[in-house]
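The figures that follow rest on heavy atoms only: side chains count, while hydrogens, waters and symmetry mates do not.
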Amino acid sequence: MGSCLVNHWVSTTILAAWLGINIFLFTYYFLFFDRDERYFYTRAILGSSLAWARASAKCLNFNSMLILLPVCRNLLSFLRGTCSCCRRTLRKQLDHNLTFHKLVAYALALLTAVHTIAHLFNLERYNQSQQATDGSLPAVLSKVHLQGSKWLNPIHSNQTTVEYVAFTTIPGLTGVIITLALILMVTSSTEFIRRNYFELFWYTHHLFLVYFAGLVIHGIAGLVRGQTEQSMAEVHPYHCAEYLTQRGQNCTHSCCKDPEFGSIPAESWKWVLAPIVLYVFERILRVWRAQQKVLVTKVVMHPARVLELQMQKKGFCMEVGQYIFINCPTISSLEWHPFTLTSAPEEDFFSIHVRAAGDWTERLINTFQLETPRVKVDGPFGTASEDVFQYEVAMLVGAGIGVTPFASILKSIWYKFQQADQTLKTKKIYFYWLCRDTGAFAWFNDLLASLEQKMAESGKADFLTYRLFLTGWDTNIANNVALRFDTATDTVTGLRHKTIFGRPMWNTEFAAVAAAHPRSVVGVFLCGPEALAKSLQKSCHQHSSLDPRKVKFYFNKENF
């Protein structure tokens, strides 16, 4: 079976397990509340909306338990780097953490809609039953123990409105707050908002604190009730329900006693307690780590508004392709933004490259052009690129500033050559960089030129093959390239390899790699947009052989 098929099978299995648990929980509790004897009288008032509300609530608890786990970055880094049982195929599933986080969030939004709509029907039916005077079972049940604590209908007065219950009771008010918080978090997480108004996404996403606080206390008032066990033994609804509407004042039958009702215990806290505790420890660790002093040793302003920061921090230990979160209190004491490390583990500093791509990055670049402000660093955290040296052949694909993790990898490879590292498994690297404008090439040229020269001098010229693609150009650039086509170095970059105008033909590229390495395991690493990821993933699948003795392509994508 091809590697892509194996990974797809594992991903599908995990997704199917999650979906199956949701379906089981919903079906089981829907049937439970739709048939259980304890809720016979409750169903007499509410009908099937009781089952819809309770079944969706159970699924909400389950998904609320899961939503925090994919963003526990230290936990994921531990599983990726130190867990011996986490093999390549399973470890690759960790790269889908944000995809799973989004999937669970959408499920929460859908289930919240079902739960809310069901309870709106419930409130309306509670209200209708309270105001009914026809002697029907719902009307009688609404008057049972009206002044006591064993009531069934939470609406005790004809003057009480549905809106009043929704905004004055604990379940109603917390339900409104939870729903509003979830709506804001989901809508501000769209691709457009995250890319163009990241600060809005960042701040509204912290409403998850409000969401979990509301969720924990949402059910403690117990507005939805069922008959108590003791009452069931004395006046079972299947035998005694008819007496509630027919009994007279002098009724002596054993069923003439009023049924008694109790609240459904609040259970949400049981579901979310463990992940909340885990996440709290995660945040404490990250806050403690972020308080450690960071020394900015060098600031370099590259062309195309790319800022390079070289830093040092006591105890900082990194691997290739990892990323950190940066905070600059001068700009905002709350905002943390992820950046891939561009330095190699062998260097005595760590560095990042920041491209102007939003308000925060613009302000950061402008600030460093005037002064050297204090910065905080949290991390590093693991990514798919950590596995690059586990492959005999690697294809590195970067789009724009997405080249940053591969800067770390290429630097580290050079150091390994210098140190004659015998453990290096990788024998060949193909590097592809796609840029829209010529200015984006400038800051990375020096590294490529240095690697090109040093590898040629050490007899390793064939180890690295790189191809640069300019996806956007004008007539002047094209004319200039045409005039200097015969020069030894490229007109755009000054490197020996000529820049290619247009986008790569991935089928051709993969076919060439497969032909050159017919028995190798090839790791394909991408830091770039989703559309490119789909194209590369498709090529991996098409060019991987079903024969385990022949070439196999493993796709890996950076996710922050």
Side-chain angles (χ1 to χ4, degrees), residues 21-67 104-130 137-138 141-142 151-156 160-183 186 211-228 237 261-272:
I21 293 173
N22 274 286
I23 293 173
F24 169 78
L25 287 173
F26 191 92
T27 304
Y28 177 84
Y29 283 103
F30 186 93
L31 295 175
F32 177 81
F33 283 97
D34 196 52
R35 298 178 180 180
D36 192 86
E37 298 171 347
R38 285 170 290 180
Y39 303 100
F40 178 90
Y41 289 125
T42 314
R43 290 193 298 271
I45 297 177
L46 302 180
S48 63
S49 59
L50 168 67
W52 283 98
R54 299 304 302 173
S56 57
K58 295 296 180 180
C59 292
L60 276 169
N61 288 336
F62 171 64
N63 286 282
S64 296
M65 177 184 71
L66 297 177
I67 192 70
V104 174
Y106 290 137
L108 285 174
L110 176 61
L111 292 165
T112 298
V114 174
H115 187 71
T116 302
I117 292 171
H119 270 317
L120 289 176
F121 277 102
N122 289 339
L123 286 175
E124 186 59 35
R125 287 169 179 168
Y126 275 136
N127 192 44
Q128 290 174 356
S129 299
Q130 171 60 34
L137 183 58
L141 289 169
S142 296
W151 46 266
L152 178 61
N153 191 334
I155 298 180
H156 299 165
T160 303
T161 64
V162 170
E163 292 79 8
Y164 179 82
V165 175
F167 288 97
T168 59
T169 61
I170 291 177
L173 186 58
T174 55
V176 171
I177 293 173
I178 288 172
T179 303
L180 289 176
L182 195 60
I183 290 172
V186 171
Y211 173 85
F212 278 99
L215 182 69
V216 168
I217 65 176
H218 179 60
I220 62 175
L223 290 192
V224 178
R225 297 186 150 211
Q227 193 173 1
T228 63
F261 305 98
S263 301
I264 301 174
E267 294 183 341
S268 295
W269 66 271
K270 298 178 183 179
W271 289 83
V272 300

If only atom types and distance count, is the side chain of H218 paired as donor or acceptor with the main-chain N or O of P171 below 3.5 Å? yes
Test item: S64 and L215 side chains (from C-beta on) under 4.5 Å apart, heavy atoms: yes
Worked check of side-chain contact (heavy atoms from CB on, under 4.5 Å) between V165 and Y126: CA-CA 11 Å; V165 175; Y126 275 136; over 6 Å; no
Provide the closest heavy-atom pair for A53 versus S56 in the form atom of the first, atom of the second, distance. O-OG, 2.9 Å
Would you say that M65 contacts N61 through its side chain, given a criterion of any heavy-atom pair below 4.5 Å between the two side chains? no
State, to 0.1 Å, how close V186 and Y106 come at their nearest heavy-atom pair, and which atoms those are. CG1-CE2, 4.3 Å
Donor-acceptor pair, R38 side chain versus Q227 backbone, under 3.5 Å? no
Rounding to 0.5 Å, atoms CZ (F62) and CD1 (I21) come to a distance of 4.0 Å
To the nearest 0.5 angstrom, please state how far the CD atom of E124 sits from the OG atom of S49. 11.0 Å
Which atom of R43 lies closest to which atom of D36, heavy atoms considered: NH1-O, 2.8 Å
Close side-chain approach of T168 and L173, heavy atoms under 4.5 Å: no
Smallest separation among heavy atoms of P237 and Y41, with atom names: CA-OH, 3.5 Å
With sequence neighbours left out, the residues meeting side-chain contact (heavy atoms from CB on, under 4.5 Å) with I170 are T174, I220, A221
Hey, does W151 have a side-chain heavy atom less than 4.5 Å from the side chain of H156? yes
Is a side-chain donor-acceptor pair under 3.5 Å present for Y164 with T169? no
Pair L141, F261 - check side-chain contact (heavy atoms from CB on, under 4.5 Å), show working. CA-CA 11 Å; L141 289 169; F261 305 98; 4.1 Å; yes
Would you call S142 and I45 a side-chain contact if the rule is heavy atoms closer than 4.5 Å? yes
Can you tell me how far the CG atom of L60 sits from the OG1 atom of T112, to the nearest 0.5 Å? 4.5 Å
Would one find more than 12 heavy atoms of other residues, nucleotides or ligands at under 6.0 Å from atom CH2 of W271? yes
Kindly give the heavy-atom pair with the smallest separation between A105 and I67, and that separation in Å. N-CD1, 3.7 Å
Please tell me if the side chains of H115 and R54 come closer than 4.5 Å, counting only heavy atoms from C-beta onward. no
Checking T42 against R225: is there a side-chain donor and acceptor pair closer than 3.5 Å? no
Quick one: closest heavy-atom pair of F33 and L50, and the distance? O-CD2, 3.8 Å
CD of Q128 to CD1 of I155: how many Å apart, nearest 0.5 Å? 10.0 Å
Rounded to the nearest 0.5 Å, the OH atom of Y211 sits from the CD1 atom of I178 at a distance of 6.5 Å
Once rounded to the nearest 0.5 Å, what's the spacing between atom CG of L223 and atom OG of S263? 8.0 Å
How about N153 and S129: does a side-chain donor come under 3.5 Å of a side-chain acceptor? no
Near-ring test F212/W269, centroid separation under 6.0 angstrom: no
Between D34 and F30, is there a donor-acceptor pair closer than 3.5 Å when you use the side chain of the first and the backbone of the second? no
F32, CZ atom: more than 12 neighbouring heavy atoms under 6.0 Å: yes
With distance as the sole test, does T27 use its side chain to make a donor-acceptor pair with the main-chain N or O of F24 at under 3.5 Å? no
